[in-house]
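Shown next, in structure tokens, is the structure this report addresses.
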Amino acid sequence: MGKTYVGIDVGTTKIDGVLVDARGNVYCSRSIPTRAGADCVIEDIVSVVRFLIARSQNSDIDLIGVGIPGQVDSRRGIIRDVVNLNITELELEKQLRSQLNLDIHVENDVNAAAMGATIVSESTVPEDQTIAFMNFGSGLSAGVIRNGRILHGSTGSLGEIGHIPVDPNRFLCACGQRGCLETVASGGAIARLWQTDNPATMQNLIYAAQCGEKDAREILTMVIHAMVDAIQITAQAYDPAKILIGGGLAKAGQPLRRLIVAELSRRATSSHFLTTLDIPSRLTLISPDVPVGAIGAGIAAILAK
Ligand SMILES: [Zn+2]
């Protein structure tokens, strides 16, 4: 084992932690349920970090990367408006450093996952390419890696594609707009749209549609259309060499990929422009079982220092 780092991914249901090296190899992991509130979040991160350090064979761990939802000011280590964790504003880097006495780097969770998905799928972080990661989870957002760095934009909201309104007559979004992409292209949308006794997962939706259930077929068509809209927006706005599809919906695997590719191909039959973009060849599904958020938080910390 070479030099290792700790990567932490604070999700709304669980906190994942990994002991990771600079190539993304994971040596040890730990997962605990998330508790809301600033004090609990800090206490739980500290406990996961201490658990992992205690199991490290090397005692030279000096850098911790943390990915967390909400508005993250990575340079100052401050997080704001983490609604699901009941945090309005928190100097996370400062608080963790005072308890752990280690260097801390804080990153938005989807940006960290973009870094993690990149190193997991490419086995390196390419210095000369753009790679986009799309997180189709309870909501929808993207992270973009360009020339080995996370793109943050001027306000830190780069990649918030879930809140691009595409249809003003459609569903009201939690952000206050109407017709945002994530009101259809997300796990949260499937759970809201599909009334079923089974868990409203993408796998079950695809299965029910294939079994001929009318509701499931209609909802699946809507969701796939919106997912492909989001993929096209990402492809055309950032022109990435790879588009990595992650989040809970990616659990549906190859059947989902086939539906996405079929819709892209259908659109391309009438568009030479879209054909030339060859988006299907750039798509890779990332298994949600791989802790890309925690891995990427560690890698992002290394690259930021
Ligand atoms: Zn919205």
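For clarity, every value in this text was computed on a predicted model and none was experimentally measured. Positions are given from 1 along the sequence. All ligand and atom numbering here is 1-based and tracks the order in the structure.
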Please check if the side chain of D73 supplies one atom and the backbone of G77 the other of a donor-acceptor pair under 3.5 Å.
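Looks like no, no N/O pair under 3.5 Å.
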Residue and atom names of protein N/O/S atoms that fall under 2.8 Å from the Zn ion (ligand 1)
H163 ND1, C173 SG, C175 SG, C180 SG
D278-S281 side chain donor-acceptor pair, cut-off 3.5 Å
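A donor-acceptor contact under 3.5 Å links the two side chains.
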Identify every side-chain donor-acceptor pair in residues 137-148 under 3.5 Å, counting partners at least two apart or on other chains, and give the distances.
residue, atom, partner, partner atom, Å
R146, NE, T130, OG1, 2.9
R146, NH2, Y238, O, 3.3

Partner set under side chain to side chain donor-acceptor pair (under 3.5 Å) for R282, not counting sequence neighbours
D239
Side chain to side chain donor-acceptor pair (under 3.5 Å) with R80: which residues, sequence neighbours excluded?
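Side chain to side chain donor-acceptor pair (under 3.5 Å) list for R80, sorted by chain: E89.
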Both conditions, 6.0 Å and 45 degrees, for the charged tip of R192 above the ring of F171: are they met here?
yes
